[in-house]
Number of protein chains: 2
Amino acid sequence: MTKTRDENTEGQILNAAKSIFQSKGMDGARMQEIADKAGINKAMLHYYFRSKQLLFEAVFKNAFSLLAPQLNAILNDDSTIEDKIKNFTSNYISFIIKHPYLPNFIIQELNRNQDFILKIKDNKGFPNLEKFKKQVDEEANKGIIKPISGEQLFINILALNIFPFVAKPLVMAFANVSDKAYKQLMENRKTEVANFIINAIKHT
Amino acid sequence: MTKTRDENTEGQILNAAKSIFQSKGMDGARMQEIADKAGINKAMLHYYFRSKQLLFEAVFKNAFSLLAPQLNAILNDDSTIEDKIKNFTSNYISFIIKHPYLPNFIIQELNRNQDFILKIKDNKGFPNLEKFKKQVDEEANKGIIKPISGEQLFINILALNIFPFVAKPLVMAFANVSDKAYKQLMENRKTEVANFIINAIKHT
DNA sequence: ACATTTGTTAACCAAATGGTTAAACTAAAT
DNA sequence: ATTTAGTTTAACCATTTGGTTAACAAATGT
């Protein structure tokens with residue numbers, strides 16, 4: 001049997017690095033802290049990943065590869081726009097609840113270093129909007145949904161699903177709710193967001 | 001005549017610090033870089049603001065005080081929900097186009113340090129949702145809009161307006177558009193977003 | 001059994017970084 | 001003219017930080 005990720009050193013490092021990088025970002029993270037969390041000597045980080053930058057990139061690519069398939073699902077399957085929105089919203093919010101730091105981490109680090117996007121963009125499996133756009137146009141032509149540009153609809157879907165997690169502290173302060181109440185709000189959004197979007201675009 | 005902000009040293013420091021902090025974050029910013037940008041000696045930063053932390057807080061509060069009034073407008077004036085959404089969306093997107101780093105900066109640093117929110121929350125002028133929530137309930141009862149919780153509608157409005165700026169590099173990569181095309185997308189959103197929200201909530 | 005490769009550690013290093021100090025400069029007050 | 005208070009600078013300092021090294025241990029192959 002092959003060793004699980006937290007049994008071999010490389011995996012321990014990745015786990016620890018993920019945790020530290022995701023909560024403190026590249027600049028705020030300390031190699032020593034990662035080593036401590038992994039329960040190993042700092043030199044091991046460099047033995048396995050050579051530099052902070054490369055360790056970070058390993059963590060980042062890993063994180064991104066969790067996010068991408070979720071998006072491809074909505075973009076490339078064959079269900080109707082309405083079904084896609086329902087499925088995506090529910091699945092995606094469930095997914096982020098399990099990985100709350102993830103969207104913020106990715107967005108934050110992409111803002112810090114635009115070059116990252118290039119390193120991932122040519123990966124196969126990088127989300128592509130073409131099919132989705134065509135489908136939106138078709139359904140609009142058939143009168144199933146109101147006319148809207150595929151890009152704008154896509155941005156709106158992402159925004160409504162992701163933003164509340166990215167801006168959690170801000171929204172919590174404005175709405176003046178506890179952590180528990182916020183969690184409930186997010187739970188409700190699994191269906192509310194889909195209804196909201198569908199109301200916005202369906203033809204009456 | 002009183003000296004303008006970039007004529008006196010303190011103002012120069014604040015301008016430089018704002019620029020550096022907003023693009024690199026607290027952890028990524030270097031005091032020397034701020035001093036260089038302000039064209040002064042590093043010791044001056046400490047002379048005027050004592051520490052990096054305090055300089056950062058000055059910049060942060062400043063940034064936040066730009067954002068808050070925009071929100072209060074939608075929350076506390078007396079127009080209908082529909083008008084509020086229209087006005088807010090158009091104004092807010094125009095505002096962010098002028099200060100593109102701002103939302104990301106605030107969100108990012110609030111995620112890094114939850115304590116910040118407490119330091120600002122008791123400021124007068126901190127946005128409060130109560131009136132808005134009441135109004136949403138009223139219009140829902142009158143049948144003007146579909147039933148929706150005030151919090152959820154507020155989150156949706158923020159999400160649709162702010163997210164595209166916060167996640168710009170990510171969305172640009174997914175939608176595969178140039179900087180110029182992205183700018184145009186944002187320009188279009190000034191009206192599109194309002195229509196989208198209103199379609200989602202208005203009673204038919 | 002022995003040699004070689006792989007994994008691990010403690011000690012170390014140079015550079016960077018936030019912060020301090022003491023002296024010098026400036027301009028207004030006496 | 002001299003004092004005084006505020007402003008500015010260059011040099012300095014202690015600590016932190018990413019990264020290296022050399023020695024040691026544990027597998028692995030022969």
Side-chain angles (χ1 to χ4, degrees), chain A residues 1-62 105 108-109 112-113 115-116 119, chain B residues 1-62 105 108-109 112-113 115-116 119:
Chain A
M1 202 185 107
T2 156
K3 284 186 181 173
T4 67
R5 183 160 167 177
D6 53 292
E7 277 174 277
N8 65 23
T9 305
E10 190 173 338
Q12 280 173 280
I13 294 175
L14 277 174
N15 281 337
K18 174 182 151 189
S19 153
I20 303 289
F21 277 135
Q22 290 197 358
S23 63
K24 308 204 168 179
M26 167 72 171
D27 293 329
R30 295 290 158 251
M31 293 298 266
Q32 187 60 60
E33 201 182 356
I34 294 172
D36 291 348
K37 183 140 209 166
I40 48 134
N41 188 287
K42 180 163 68 83
M44 295 305 285
L45 302 180
H46 294 96
Y47 180 75
Y48 280 96
F49 294 92
R50 241 182 67 217
S51 70
K52 186 184 185 186
Q53 177 67 20
L54 287 174
L55 174 55
F56 179 81
E57 285 179 24
V59 169
F60 186 85
K61 283 177 186 166
N62 227 294
F105 173 63
Q108 154 64 22
E109 299 299 333
R112 203 182 52 84
N113 185 354
D115 296 343
F116 267 155
K119 291 189 182 169
Chain B
M1 203 187 103
T2 157
K3 284 188 182 171
T4 66
R5 183 161 168 176
D6 52 293
E7 278 173 278
N8 65 24
T9 305
E10 192 172 337
Q12 280 172 279
I13 293 175
L14 277 174
N15 281 337
K18 175 182 150 192
S19 152
I20 303 289
F21 277 134
Q22 290 198 358
S23 63
K24 308 206 168 178
M26 168 70 170
D27 293 329
R30 297 289 157 249
M31 294 297 266
Q32 188 60 59
E33 199 182 358
I34 294 173
D36 290 347
K37 182 142 207 164
I40 48 137
N41 189 288
K42 181 163 67 86
M44 296 302 285
L45 302 180
H46 295 95
Y47 179 75
Y48 279 97
F49 294 91
R50 239 180 70 215
S51 70
K52 185 184 184 184
Q53 178 66 21
L54 287 174
L55 174 55
F56 179 81
E57 284 179 23
V59 169
F60 186 85
K61 282 177 188 164
N62 226 293
F105 174 63
Q108 147 69 13
E109 299 300 333
R112 203 182 51 85
N113 184 354
D115 296 343
F116 267 155
K119 291 190 181 167

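Heavy-atom basis, side chains included; hydrogens, waters and symmetry copies ignored. In the text below, chain A, chain B and the rest are named by the order of the sequence lines, each starting its count at 1.
Residue B:Ala35 is out of contact with every strand shown, counting any heavy-atom pair closer than 4.0 Å.
Between B:Phe56 and B:Phe105, the ring planes are perpendicular. Angles over 60° get that label, and only those under 30° would be called parallel.
Residues A:Glu109 and A:Asn113 bring no donor and acceptor atom of their side chains to less than 3.5 Å of each other.
For the atom pair CD of A:Gln108 and CZ of A:Arg112, the computed distance is 7.5 Å after rounding to the nearest 0.5 Å.
Distance B:His46 NE2 to D:dT7 C1': 16 Å, rounded to the nearest Å. In this entry the distance linking CD of A:Gln32 with C1' of D:dT16 reads 11 Å, nearest Å. One interatomic measurement links the two molecules: CE of B:Met44 to P of D:dG6, which rounds to 13 Å at whole-angstrom precision. When the P atom of C:dG19 is taken as reference, atom CZ of B:Phe49 falls 14 Å away, rounded to whole Å. In this structure, CE of B:Met26 is placed 12 Å from C1' of C:dT17, rounded to the nearest angstrom. A:Ile40 has its CD1 atom 12 Å from the P atom of C:dA10, to the nearest Å. With rounding to whole Å, A:Gln53 atom CD is found 9 Å from D:dG19 atom P. In this structure, B:Asp27 places its CG atom 16 Å from C1' of D:dG18, rounding to the nearest Å.
Distance from the side chain of A:Ala43 is smallest to C:dT9 among D:dT8, D:dA10, C:dT9. For B:Met31, the listed nucleotide lying nearest its side chain is C:dG19; candidates were D:dT8, C:dG19, C:dT6. Between D:dA10, C:dT9, D:dT7, one nucleotide has an atom nearer to the side chain of B:Asn41 than all others, and that is D:dA10.
The shortest distance between the side-chain N/O atoms of A:Tyr47 and the OP1/OP2 oxygens of D:dT20 is not below 4.0 Å. In this structure, B:Thr9 does not reach the D:dT7 phosphate: none of its side-chain N or O atoms is under 4.0 Å from OP1 or OP2. The shortest distance between the side-chain N/O atoms of B:Arg30 and the OP1/OP2 oxygens of C:dA16 is not below 4.0 Å.
For B:Lys52 against C:dG19, no side-chain N or O and base N or O form a donor-acceptor pair under 3.5 Å.
Nearest heavy atoms, B:Ile13 versus B:Met44: CD1-O, 3.9 Å.
Under the 3.5 Å distance criterion, the side-chain polar atoms of B:Lys52 are matched with a main-chain donor or acceptor of B:Met26.
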